[in-house]
Amino acid sequence: MRTPMVAGNWKLNGSRESAVTLASEIASTSVAGIADNVEIVVCPVSVHLAEVSAVLKSTSVKLGAQNACAEEKGAFTGEVSASMLAEFGCEYVIIGHSERRSLFGDTNESCAARHKAVAAAGITPIFCVGETLDDRESGNTMAVVESQLQSVFDACGDNGFASAVVAYEPVWAIGTGKTATPDQAQEVHAQIRDFVAARDQQTASLLRILYGGSMNPRNAAELIGKPDIDGGLIGGAALKSADFLAICQAAAAQA
Ligand code: PGA
């Protein structure tokens with residue numbers, strides 16, 4: 001049985017004050033009934049981690065970061081390492097988000113190295129995969145997604161997803177208001193699980209695969225109701241506590 005998970009990717013948003021307010025609203029209203037059945041994670045920008053961590057202390061809402069360096073320490077200006085994130089109480093780190101890949105030059109190899117470093121620091125990577133519209137229209141969705149997954153097997157071995165979460169985020173659905181239909185998403189999620197199962201059956205059956213890309217309170221229940229969709233990685237709708245909690249509630253109802 002996989003516990004559903006809903007993670008908020010706050011991206012480059014908020015101030016110290018608004019991040020604390022949002023985290024407080026989520027932590028204080030998520031308790032009753034929801035948090036027992038769904039794992040809730042928020043991922044603020046790294047300079048807000050300390051304050052958000054203080055708000056989440058002794059609540060069931062978990063803390064995540066949006067990226068981590070593959071290196072532990074040294075001459076890597078501007079980077080933050082996984083062990084530094086662990087010091088703030090981060091239990092999750094988003095790796096390989098399509099914005100990192102398309103805007104900041106992250107490659108399959110560098111994402112896999114980050115994934116490996118995060119797992120080695122005892123943090124759970126949320127490894128993002130997904131195709132562009134061109135990829136989909138040219139029939140290459142699974143080739144792209146499998147090459148992204150393969151990079152983790154190449155770097156970490158057959159059990160590279162043993163303590164990880166995967167997020168399927170079709171690039172064309174991120175921040176666009178266009179959502180993959182539940183059937184489109186389920187098809188890819190099932191193939192991701194099969195691809196992992198070919199390496200490690202046990203990991204595949206326990207692996208949580210989140211959907212991301214314009215998930216909102218109106219479409220969440222139908223998406224998360226699919227057998228291989230184990231929750232969501234939420235961007236825009238994670239910035240309003242009422243919307244985020246409504247998605248958490250939809251996930252809890254599936255548990
Ligand atoms: P969105 O973003 O929900 O705003 O589409 C999802 C993501 O980028 O993780």
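What you see below is based on every heavy atom in this structure, not just the backbone, and it leaves out hydrogens, waters and symmetry mates. Both counts, for ligands and for their atoms, begin at 1 and track the order of listing. Since the structure is predicted, the reported quantities are computational estimates derived from the model, not experimental observations.
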(message) Within a 6.0 Å radius of atom CZ on Arg16, are there more than 12 heavy atoms belonging to other residues, nucleotides or ligands?
(response) no

(message) Surrounding CG of Leu103 (heavy atoms of other residues, nucleotides or ligands, distance under 6.0 Å), is the total greater than 12?
(response) yes

(message) We want to know whether His97 and Gln66 form a side-chain donor-acceptor pair, criterion being a heavy-atom distance below 3.5 angstrom.
(response) no

(request) Enumerate the protein residues lying less than 4.0 Å from ligand 1, judged by heavy-atom distances, in chain and residue-number order. (result) Asn9, Lys11, His97, Glu169, Ala173, Ile174, Gly175, Gly213, Ser214, Leu233, Ile234, Gly235, Gly236

(request) Walk me through it: do Arg101 and Asn108 pass the test side-chain hydrogen bond (donor to acceptor under 3.5 Å, both in side chains)? (result) CA-CA 8 Å; Arg101 294 175 187 265; Asn108 280 349; 2.8 Å; yes

(request) Test His115 against Phe161 for ring-ring contact (aromatic ring centres under 6.0 Å, His included), laying out the working first. (result) CA-CA 9 Å; His115 181 103; Phe161 291 103; 5.5 Å; yes

(message) Do Asp154 and Ser151 pair up side chain to side chain, a donor and an acceptor below 3.5 Å, judged on atom types alone?
(response) no

